[in-house]
Amino acid sequence: MSSLLGNIFKGWSDYSKGNEEGGHHNYEHMYAMVIDLDKCTGCNACSTACYAENNLATVGEEYFGARQAMHWMRIERYFDEPNLEKAGSEADADTQSHGASFLPMMCQHCNAAPCEPVCPVAATYHTPDGLNAQIYNRCIGSRYCANNCPFRVRYFNFYDHQETAWPAPMEQQLNPDISVRSKGVMEKCTFCIQRTRAASNTAKNEGRAIRDGEIQTACQQTCPTSAILFGDLLDETSAVHQAWKRHQVQLGRYTQNKENPELRGYRIFEELNVDTKVLYLERVREV
Amino acid sequence: MSIERNKRKPFPWVKTAVAAVVVGALIVLGAQVFERQLHPESAGIAPAARVPGAEFPTDTFKGKDVPQPINYSHKLHAGDLGINCLYCHTYARRSKVAGIPPTAKCMGCHTVVGTDKPEIEKLTQMWQSNQSPAWNKVNDVPDFVHFSHERHLQKFLFDNPEMDIKNAPDVCAMCHGDMNQVGVAKKMKPLTMGFCIRCHENNQGPSDCTRCHK
Amino acid sequence: MSDQKHLTQEQTKDIDENIAWASINADVLRSMENPRRGYWVAMAVSVCLFGIMIYAEVYQYMYGMGAALLNTSHMWDLYISTFVFWIGMSHSGTLLSAILHLVHADWRKPIYRFAEAMTTFSLMTAGIFPVIHLGRVWNFYWVMPYMTDRGLWPNFRSPLIWDAFAITAYLTSSVLFLYIGMIPDLAICRDNAKGWRKTLYSWLSLGWRGDDRQWRNFRFTYLMIACFLIPLAVSVHSIVSMDFAMSIMPGWHVTTFPPYFVAGALYSGCAAIITLFILLRYFFKFEHYMTFPILDKVCKLTFVIAMVWTYLNLVEFASVWYGHDIPSKEVLIAKATGPYSPFFWGMMTFGSVLPFSLLFKWVRRNMYVLFFASIFLNVGMWLERWMIVTPTLSLGYHPQAFNVMWPGWTEWAMVGGSFGWFGMLFLIFVKVFPCVSMYEVKEMVFHRKRTIYDDVDEMMTLHSGVPGPKAQTQNSGGA
Amino acid sequence: MSKTKINRRNFLKVLGLGGAGAALAGCDMPSYVTLEEGEEKIYSYLAPEEYVIPGVGVWYASTCLQCPAACGTHGRVREGRVLKLEGNPNTAVNAGKLCQMGQAALQAHFNPDRITEPLINGQPASWDDALALINEKATKNVAWMTGAISGHQRVLLDAHLAATGKGRHYAVETINARAWTDAGKAVLSDAMPTLHLDKAEAVLSLGADMLGTWISPVTFMGQYGQFRAAPRGVLMAVEPAMSLTGANADQWVAAKPGTEAAVALGVGHLLMTKHGLSLNSMPNATSAFQSMTPARVQDIAGVSEAALNKIADTLASRKPSLVVANASHAAARVAMALNIMLGNVGKTLTPGASIVADPLAPIMGSTKDLAEFAQNADAGKIDAVFITGANPAFIAPQGLNMAAALKAVGFKVALATCHDETTKVCDVVLPLSSALEDWGTHVPAYGGKPGVVHLQQPLMEPLHAETRGLGDILLTLGKSAGVDGLEAFEDYYGYLRTAVSAMIGSEQEGDWQRVLQAGQFEAPAQDHAFSTGSDVALGFSENADAGLHLVTVARQGLYDGRHANSSWLQEAPDQITKAVWDSWAEMHPKTAADFGLKDGDYVSLTTQGGAITTRIFTYKGVHPKAVCVPMGRGHTDYGRWASNGVNPLTIVDAHLGDWQSSEVLATATPVKISAVGENRHLVRLMDTDQQHGRKLVATISAQQFGRTQGGA
Amino acid sequence: MAGSSKKTVAKTRRVLGLFGDFDQAFEVIAGIRRYQVPGLTVDDVTLKSPIEHPEIEDVLGERPTDIPKFAFWGGLFGLVFGFFFLAGAQATFLVQPQGGKPVITIPSNVVLAYEMMILFGVLTTLAGFIIGARLMRRSSGLYDTAISVDQIGIVIEVSDKQYQPLTDLFKKHNVIEMHEEALS
């Protein structure tokens, strides 16, 4: 029963709580990811798996060229290696002396997500699972969230792609657990929320907690080098929790005081204090 | 002259102010309460609490008659014959969809029962020609709503100590109305988001959007 | 009346206090009658522009926002910048009218009416843009805080919602300000009109009879609303600036944005006032009321505000430069040197250099020069808004998203159409409502005469019972 | 047997529950529109299996046929539709993983451009007519052209060939490991030795794109994951243009096209002179090593002595190491020699194994078969050819002039799922079921447990009623060709089940179901044995031509072009250039500058075989003497998504492959460049190669990594 | 009407006199103040003018207005109502945790409440104006369009006895026109 005043007081307590704990509410789970950039070969398997799992529309060359594509998981490729002390010889070699650096970039599910407060209709918000959720059918397409996303991982349906992306009989492949987005709606990586939901339902029916590794995101499941790890940070035993601990990275802070600064774990744009939940492990190279 | 001016009736400032604030408060609270329809006759407890430990949504909806390939009567089967909902809609306990019973299940009885009735003959003939009837969906929520029969049955029926499987019709009635009162299936509850939310609030269901919208 | 000096550029007095009240009524009421060809041409042009806008919107509605060539990095473009532009335009009228009213600057009286009208209509124009830039226009009402069955509310944390609130409040207040200030004039119209106008004005003038009681309440009401409007107007544009300042994007996340935007708003507002001032004076033969001295004052005001704006602009650059946040700095440098640099420098020229021309008397007194100057000032201000939105989005934090985009045809169509829509409304206004405040011009004349003659008068009556000059002037001013 | 079949048919029937067709209405409509009554249809099952529940996905094991690696898959089937493919965790080949091509198998299956009915001379026809025609025409000198093939399809195919006289089976694959396998056979007498990437401390790849397209990429990527774990191995790549493997290399060395062998020899030279290693068992190789001084390498391959030293030092200091090569036959042989010299044999290079039941064994396929087919066809030795799983009209390099060859064949039958350049010229086209609709057995050529056979089972009812499985067609053909022993089987499923039951030695339904669930079963296998490096000639010939060379590379994704009609793969940016939806020519910035070209300029690449026009993309990952055009695009008749780009194979001169092997991957064709004068921005995922000082991909040195043990 | 306390005779008619300028009108009022018309006080006088004359106050005596109070209370209501409305909405909203921000965010609510204050202030001011100025109601008949041009009108309700002296007074201060109507 939602009595207005009762909720106001609850609101106040949450308010103080939010201030003490840097905006952390009482989460049931805190799903997070670890991506080992040294294992990532940039082969695109994760990206394609994401297209298959999440009903992503392909937009074709013209729209891709207009940068209106919607690849929730994009593999970026860079050739420079900042913060790696170079052997002088290869510093300015006129041919490439080493491989490229690949970066799988998807929604980082920030805990202090810049996109959330700015949505006029609260179509994007934080779930009790610690996920940054996007409610397609609530979205009115003001696109403020995408403007405010430092990672540029929110994608907007500039057109209706249904006829071109899934000509019959292709629509039979669409995943019924995910809504098909139509024009004017913002969309982004959900950490495969349909899989999370399915697992939590099963767990509830069997009256148990979700096991670590029970939920696999599509990208994680297909990654040929197993560079991606996904799990619940609140679960002390989970591999993800272990990894975060091992690399001495903590949520809710934007400067990590690692006793060993050479530990590879880091979060992109940590200095923005958006508190991302994807931990990247630095790429390694034999110099 | 000044005397006369004193005779002027002063404007009732305090009263006006109080009235204003009261009106404001009323608008806020009243709207909260009424718009969310938390007042009893809309979403309170049904006359007889049919599902113990749960508040029973009493909204009603006057669904239109949806023609079906076979005039299957819920009243006859579920009502008069008292067949449990879950006997035919057996998927409901294991899947998000309740599903239409496979024709085989119908034929389980109707190879012997009432084989002379025209509707049954229709059915039998379909069965022999290996085609399944094309039913028209009656309770249809938008495609961006992912409702799970399994979870709701689990909560209200199987995890509910005071409920036995034979009470299944009561649980189903929460969202489908008393199907054992109607003939061919009709939509009997609004099944709007408001309907869902109210029930979720009254029965402490999750209020997280992604539970239904993915 | 006799001397025509007030029509010429040498005029020094704001207004000729010998204008007969009756002739004031006559002149203004005449301006509201039988439109000439020029009017219909202007109207036709406006309607065409607006029609194009409608077509573009329908197209965009059918095919999606992609028609505007927006992309994953440039989620906003001309729609938002033009929105800011029009909001800025809206600040002139109310703010000027209100402030000048409070400081008893009576030279505002002949010109504030159309300035306020401009406010109202540019707000109505601005209000269109946040709506058409929505991906799902048909759901725009979801930003309203209305009670719903679903337990859903807008997100009050979002600056866009603040916009919605602020603009609603501002539009309502400024319409009321305009309307209330117009009631006595509407009464005048009522007394002189016939036909549908009669009925219209009788309804609108709310049975104004010019009682002392009405005048008294009128004075207080007008004063109150003026007091409300000044903080409101300031808040509105600072809130608009928060759409950007509240985000974390480099180039947007700037502390000085609110005052900067307010100054910019006043600036473009004043410029627009000059434009319309000249147009009205020219087309409606309002030389008696919209006189050069007044124009002169407006120009000086514009110059001052322009300097404030320039200063704040430089402050912003400086703070970015010395703040040494690399991404922000990249944006700044890209503005000055990148693909958008022509527009950036165009903005600087029109916005910061051009105003100096207002220092020259011959410019302030030359309608034609001044007209184009004011137009270019506003072009500069429009460019400023564009330069705030687009170059920032073309860079940002993530290199993968760096790209340059140019507006699509729908965007241009809507920008043009917005001017059509504004023009349409304004043209209708000037023919239906008095665009010079008659009663206040009367007051102006009246007061000026008194301030001139009172002392003399008193002395004369005091010493010799000879009636002062007031008597004659009264007769000359009389019917 | 037939009972299970009926049930399967039933449960695979498509339902409308939560139907995707409805989902297309999407979240556009406000709820009062979508809250509807009686608008959607629901079809109920007739008599489903107990475990089939609408709204619940069931996983079925099958096999991926997107490339010859034959990974095991799990398909998620719901309401009779297959929705998603994942790797089958039980298989050793891919251990639950899939590459992007495997993921895209769904689009190959649901492809809108499938062939739905038999065609005779392009006109729709009935199966009976088509088969009648075939029986009439295809009587003698029948040839089969397939891609890599194995399992019982191969058995039936051979049977059919045997029955129709002395025909021959040509297995054609442009992207193959023939150089490597030949070298293996020649040097170690094992065509397919097992590689232990995970055990190696250092790996040198000579144009072998292990992570991309070589032999069994997913297997290698799985090993690569462990290879990168502490203690971390070093990956070095020598190639003319950067491959996916090269893009992940710690040290990448650009060699002039066709000179990888020289570089390898140079490395060997340094190993002998500098690090005192020796290779007494192979005097030939030894002399070759000795003669290839770093100076010569510099001349021939344009590889600096420093780079060469670095490679040699790494190989010498980190044991065990591994050298793999696919750039040319010579390079592959040198690689084998190096492996022996470095003592990797037995450590990271161990004998492979093969299935005992030889008829099932995989045939890898090569371009050589294609060449031979062309010759024989020209010579009129082939009267009729059945083509399946291959698109000779597209993948044949220009030198073979395949068009004429195909014309020369009197009667051509294509068994295909989609229209392509080959079906266009065939007399009869038989609509094939997709890989997800068909039965089959496949023996992975590499990476599986010894003797493992992957089972391919349908994941859904055929989308198009008229299509038939390859096995079924082969069975029919076999029957009509009078192969004895086939009459017993009404369809391929029956045949397969009997055969498999025989192999697992059990007729039990339960065992069969177990095999279906596992998606694989193990047949007896025999291990190979290495010979101690027989002293073969390395056969390295210097390429004197100092001009520009065209190298055609294969990229995981569109592969050799067979996946070009998948919008997912077209839109998945190329791993190296990040370009989508079109072809490009990779050039070194210096070279481009010499020709006064910049990114996006259209150039026409001219060999004496022909010319193609495409945009250039400049970056430092190409040797200045190389122009690199990935294959796979430029289809003319392959569906709505495949028509963009150009096909470099049309100008590759097959006869220039080293040893005239006509292996495209080992061919460097001299090419002339001329600007067309047009410029269009190449559509890419990102227009920058730099991180602009942001900390996106942070890189640390291996020393630091070693100190922290990778934080492990 | 005020001043009716010592009413002896019923007012029978309403008289409107039009004057050329304020001073003449003021003279008339001064006359009334000096009780030149028995029984009439300045409070009975209604002045109709085309513009607002600052000295009207001095002449007619101070007549208070309620507008500021309307404005004040309206603004206050807007502020309070606004804040509680927002807080209530946020507290009952299903979607609460956002970007690590508290449920009821003070800064945003202050901004919005501020806008609401102004909005309601303006609206109530308007209401106060309409009430206070007796607008939007059937007005007393006596009115002359000349008033909206340049003439000053004085309206007084008089009894028969007072009628004559008043007209004299008017005439004395050279009234331009006189209209009258009977009071029913």
Side-chain angles (χ1 to χ4, degrees), chain A residues 2 59 62-71 74-78 103 105 112 114-125 135-161 182-186 268-269 271-274, chain C residues 60-76 80 130-131 133-143 150-164 243-244 246-250 252-253 325 327 389 392-393 396-403 405 408:
Chain A
S2 83
V59 300
E62 184 196 345
Y63 295 158
F64 200 108
R67 291 175 158 271
Q68 294 165 340
M70 293 175 288
H71 30 57
R74 59 169 192 248
I75 310 294
E76 297 165 11
R77 191 267 291 113
Y78 300 100
L103 176 68
M105 176 51 72
C115 54
E116 285 169 5
V118 299
C119 175
V121 292
T124 178
Y125 77 108
I135 307 302
Y136 308 123
N137 44 305
R138 175 67 174 167
C139 176
I140 61 173
S142 81
R143 309 193 292 290
Y144 199 167
C145 51
N147 276 350
N148 216 13
C149 173
F151 307 91
R152 288 280 184 258
V153 288
R154 294 182 146 266
Y155 301 100
F156 187 68
N157 286 266
F158 287 100
Y159 303 90
D160 267 332
H161 293 293
S182 52
K183 74 167 183 285
V185 176
M186 190 65 68
I268 295 181
F269 296 151
E271 66 276 14
L272 295 181
N273 194 15
V274 291
Chain C
Q60 184 169 288
Y61 177 90
M62 306 296 288
Y63 296 95
M65 293 304 291
L69 291 189
L70 300 166
N71 67 30
T72 302
S73 322
H74 291 86
M75 287 292 185
W76 289 356
I80 294 301
V131 176
H133 107 292
L134 289 183
R136 301 206 293 169
V137 192
W138 51 94
N139 287 335
F140 73 95
Y141 61 89
W142 285 358
V143 303
R150 310 174 173 187
L152 293 180
W153 291 94
N155 172 15
F156 298 109
R157 298 170 180 82
S158 168
L160 287 181
I161 291 296
W162 308 351
D163 277 348
D243 288 350
F244 308 103
M246 287 281 166
S247 82
I248 66 173
M249 291 306 292
W252 280 3
H253 187 65
D325 172 32
V389 174
T392 298
L393 291 177
Y397 285 110
H398 202 90
Q400 189 271 346
F402 291 2
N403 74 323
M405 68 85 74

Asn147(A) vs Val118(A) side-chain heavy atoms within contact, under 4.5 Å: no

Roughly how far, to the nearest 0.5 Å, is CG of Leu160(C) from CD1 of Ile140(A)? 8.0 Å

Asn157(A) side chain to Val185(A) main-chain N or O, any donor-acceptor pair under 3.5 Å? yes

Pairs of heavy atoms under 4.5 Å with chain A: top-ranked of Phe156(C), Tyr397(C), Trp252(C), Phe140(C): Tyr397(C)

Contact leader toward chain A among Met405(C), Met75(C), His253(C), where contacts are heavy-atom pairs under 4.5 Å: Met75(C)

Applying a strict 4.5 Å limit to non-hydrogen atoms, the region of Gln68(A) in contact with chain C is both

Proximity breakdown for Met105(A) and chain C, heavy-atom pairs closer than 4.5 Å: side chain

Residue Leu70(C) versus chain A: region with a heavy atom under 4.5 Å: both

Heavy-atom proximity to chain A below 4.5 Å, by part of Ala164(C): neither

Is chain A contacted by the side chain of Trp162(C), its backbone, both, or neither, given a heavy-atom distance below 4.5 Å? neither

Check the angle between the aromatic planes of Phe151(A) and Phe269(A) and answer parallel, tilted or perpendicular using the 30° and 60° thresholds. tilted

Could you tell me which portion of Arg154(A) (side chain, backbone, both or neither) has an atom closer than 4.5 angstrom to a non-hydrogen atom of chain C? backbone

When Val143(C), Ile161(C), Thr72(C) are compared by non-hydrogen pairs under 4.5 Å with chain A, the top option: Thr72(C)

So, does Arg138(A) use its side chain to make a donor-acceptor pair with the main chain of Tyr136(A) at under 3.5 Å? no

Residue among Gly396(C), Gly64(C), Pro399(C), Pro327(C) with most heavy-atom pairs under 4.5 Å to chain A: Gly64(C)

Under 3.5 Å, is there a donor-acceptor pair between the side chain of Arg152(A) and the main chain of Cys149(A)? yes

How about Tyr63(A) and Phe158(A): are their ring centroids closer than 6.0 Å? no

